[in-house]
Amino acid sequence: MKELLERYPALKCCKDDISAALELMINTYKNGGKVLVCGNGGSAADSEHIVGELMKGFLLKRPVTDERIPEHLRCRLQGSLPAISLPSQAAILSAFINDVDPETMYAQLVLGYANENDLVIGLSTSGNSKNVVAAVEVANAKGAKTIAMTGERDSKLSEISTVTIKVPSCETYKIQEYHLPVYHYLCAGTEAAFFEE
């Protein structure tokens, strides 16, 4: 946290929420859960990025110690923190958008994937993206925890999420620039909790 705030001092206003989000992520994995991430546009790309940092080594090597995996494969794999990027589910999303309702496309996936041990992360620069809000509403109904990453304004997501990280900007590209170091911190901290020797 000290390094994060030295590099991005404007994020000091979010310090407590960032810490609370890290605790939620760590507890999710301690309880055998997984992380589901969603957003639109640049935030959809951020969803993919977050999952990439969780599913393989980020800052640590993450050796695989599960002896059920054959040794010739174990040495070529890395420990994984289960995570799914909802925007990457192109076939089901396009079918659902076409056949049912674009505003509930992520909610449908949360309905199918999430359980009470899971965590849903919704990224929305406005905090009011209808499809992300609906996903968080379904996550809450199923007993999952939720993290919203938004800009500084109060929003629908900030009203309904377990934790909201409201970075200090109202401009879309600046919000996205702040989201990157925040989720890198969350991924690195979660990785360290499970793989640091």
Side-chain angles (χ1 to χ4, degrees), residues 17-18 20-56 80-151 153-167 172 175-176 179-180 182-184 186-187 189-191 194:
D17 292 322
I18 294 170
L22 177 59
E23 184 178 351
L24 277 181
M25 288 183 69
I26 292 170
N27 286 338
T28 294
Y29 289 119
K30 281 184 177 176
N31 293 324
K34 61 187 172 295
V35 171
L36 309 174
V37 194
C38 62
N40 301 297
S43 296
D46 286 331
S47 300
E48 298 277 2
H49 192 161
I50 291 167
V51 169
E53 309 300 21
L54 293 172
M55 287 287 287
K56 58 172 281 300
S80 190
L81 295 164
I84 300 170
S85 172
L86 301 185
S88 71
Q89 312 290 295
I92 178 58
L93 285 179
S94 60
F96 195 82
I97 289 165
N98 185 62
D99 298 344
V100 187
D101 185 354
E103 289 185 7
T104 56
M105 64 186 206
Y106 292 141
Q108 179 66 33
L109 297 185
V110 171
L111 180 67
Y113 283 134
N115 61 54
E116 62 185 12
N117 292 325
D118 293 338
L119 174 67
V120 173
I121 301 176
L123 294 98
S124 170
T125 58
S126 69
N128 295 308
S129 301
K130 292 178 181 178
N131 54 3
V132 178
V133 169
V136 170
E137 288 178 326
V138 171
N140 290 338
K142 295 196 74 178
K145 299 293 190 229
T146 54
I147 295 172
M149 295 180 64
T150 71
R153 293 192 179 106
D154 288 336
S155 64
K156 184 62 177 175
L157 282 177
S158 68
E159 292 173 10
I160 65 173
S161 299
T162 310
V163 172
T164 302
I165 301 170
K166 296 190 284 187
V167 299
T172 298
I175 295 168
Q176 292 172 333
H179 281 177
L180 174 61
V182 170
Y183 67 68
H184 268 171
L186 295 175
C187 292
T190 303
E191 178 184 62
F194 293 94

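As the structure is a computational prediction, the values presented were derived from the model and not from experiment.
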Student: With Ser126, which residues qualify under side-chain contact (heavy atoms from CB on, under 4.5 Å), at least two apart?
Tutor: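 Only Ser124, Asn128, Ser129 meet the side-chain contact (heavy atoms from CB on, under 4.5 Å) criterion with Ser126.
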
Student: Return the minimal non-hydrogen interatomic distance between Val133 and Gly127, and the atom names on each side.
Tutor: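 Looking at all heavy atoms of both residues, the shortest contact is CG2-O, 4.1 Å.
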
Student: Any donor-acceptor pair under 3.5 Å linking the side chain of Asn31 with the backbone of Asn27?
Tutor: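 Yes; judged by distance alone, with no hydrogens or angles, the pair exists.
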
Student: For Leu54 versus Ala83, what's the shortest heavy-atom pair and its separation?
Tutor: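 Minimum heavy-atom contact is CD1-CB, 3.8 Å.
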
Student: Output all residues satisfying side-chain contact (heavy atoms from CB on, under 4.5 Å) with Gln89, sequence neighbours left out; order by chain, then residue number.
Tutor: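 In terms of side-chain contact (heavy atoms from CB on, under 4.5 Å), with neighbours along the sequence ignored, Gln89 is linked to Ile84, Ile92, Leu93, Leu109, Tyr113.
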
Student: Would you say the side chain of Val167 lies within less than 4.5 Å of the side chain of His179, judging by non-hydrogen atoms?
Tutor: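 Yes, side chains in contact.
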
Student: Does any non-hydrogen side-chain atom of Leu180 lie less than 4.5 Å from one of Gln176?
Tutor: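 The answer is no, as the side chains (C-beta and beyond) never meet within the 4.5 Å cut-off.
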
Student: Taking the side chain as C-beta and beyond, is there a heavy-atom pair between Cys187 and Ile50 under 4.5 Å?
Tutor: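 Cys187 reaches Ile50 side chain to side chain.
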
Student: For Met55 and Ser80, work out which heavy atoms get closest and say how close.
Tutor: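 Looking at all heavy atoms of both residues, the shortest contact is O-OG, 2.9 Å.
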
Student: Which pair of heavy atoms, one from Lys166 and one from Gly151, lies closest together, and at what distance?
Tutor: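 The pair with the smallest heavy-atom distance is CB-O, 3.2 Å.
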
Student: Roughly how far apart are Ile121 CD1 and Asp46 CG, rounded to 0.5 Å?
Tutor: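 Output value for this atom pair is 11.0 Å.
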
Student: With no hydrogens and no angle check, is any side-chain donor or acceptor of Tyr106 less than 3.5 Å from a backbone partner on Ala134?
Tutor: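 Answer holds: no.
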
Student: Looking only at atom types and distance, does a side-chain atom of Asp118 sit under 3.5 Å from a main-chain N or O of Lys34, one as donor and one as acceptor?
Tutor: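 Checked: pair present.
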
Student: Determine, step by step, whether Val110 and Leu86 satisfy the side-chain contact (heavy atoms from CB on, under 4.5 Å) criterion, reporting the C-alpha distance in whole Å, the side-chain angles of both residues, the deciding distance to 0.1 Å, and the verdict.
Tutor: CA-CA 8 Å; Val110 171; Leu86 301 185; 3.8 Å; yes

Student: Is it the case that over 12 heavy atoms from other parts of the model lie below 6.0 angstrom from the CD atom of Glu116?
Tutor: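 No, because the 6.0 Å sphere around CD of Glu116 holds 12 heavy atoms or fewer from other groups.
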
Student: Locate the shortest heavy-atom distance separating Leu186 from Ile18; write the atom from each residue and the value.
Tutor: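 Distance-wise, the nearest heavy atoms are CD2-O, 3.6 Å.
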
Student: Ignoring hydrogens, what is the shortest heavy-atom contact between Val132 and Gly122? Give both atom names and the distance.
Tutor: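 Shortest heavy-atom contact: CG1-CA, 3.6 Å.
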
Student: Are any non-hydrogen side-chain atoms of Val138 and Thr104 less than 4.5 angstrom apart?
Tutor: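 No - every pair of side-chain heavy atoms lies 4.5 Å or more apart.
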
Student: According to side-chain contact (heavy atoms from CB on, under 4.5 Å), who are the partners of Thr190, at least two apart in sequence or on a separate chain?
Tutor: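 Result, side-chain contact (heavy atoms from CB on, under 4.5 Å) vs Thr190: Leu22, Met25, Ile26, Tyr29, Leu81, Phe194.
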
Student: Enumerate the salt bridge (charged side-chain N to carboxylate O under 4.0 Å, His left out) contacts for residues 130-147, please, sequence neighbours excluded, ordered by first and then second residue.
Tutor: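 For residues 130-147, and leaving out neighbouring residues, the salt bridge (charged side-chain N to carboxylate O under 4.0 Å, His left out) pairs sorted by first residue read Glu103-Lys130.
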
Student: Could you walk me through whether Met149 and Val182 pass the side-chain contact (heavy atoms from CB on, under 4.5 Å) test, one step at a time?
Tutor: CA-CA 9 Å; Met149 295 180 64; Val182 170; 3.8 Å; yes

Student: Would you be so kind as to tabulate the donor-acceptor pairs closer than 3.5 Å made by side chains of residues 156-163, with sequence neighbours excluded?
Tutor:
unit_1: Ser158; atom_1: OG; unit_2: Ser155; atom_2: N; d: 2.8
unit_1: Ser158; atom_1: OG; unit_2: Ser155; atom_2: O; d: 2.8
unit_1: Ser161; atom_1: OG; unit_2: Leu157; atom_2: O; d: 2.8
unit_1: Thr162; atom_1: OG1; unit_2: Thr146; atom_2: N; d: 3.0
unit_1: Thr162; atom_1: OG1; unit_2: Thr146; atom_2: O; d: 3.4
unit_1: Thr162; atom_1: OG1; unit_2: Thr146; atom_2: OG1; d: 3.2

Student: Applying salt bridge (charged side-chain N to carboxylate O under 4.0 Å, His left out), name anything that partners Glu53, two or more places apart in sequence or on another chain.
Tutor: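 None.
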
Student: Do Leu123 and Val37 make a side-chain contact, defined as non-hydrogen atoms from C-beta onward lying under 4.5 Å apart?
Tutor: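 Sidechains of Val37 and Leu123: in contact.
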
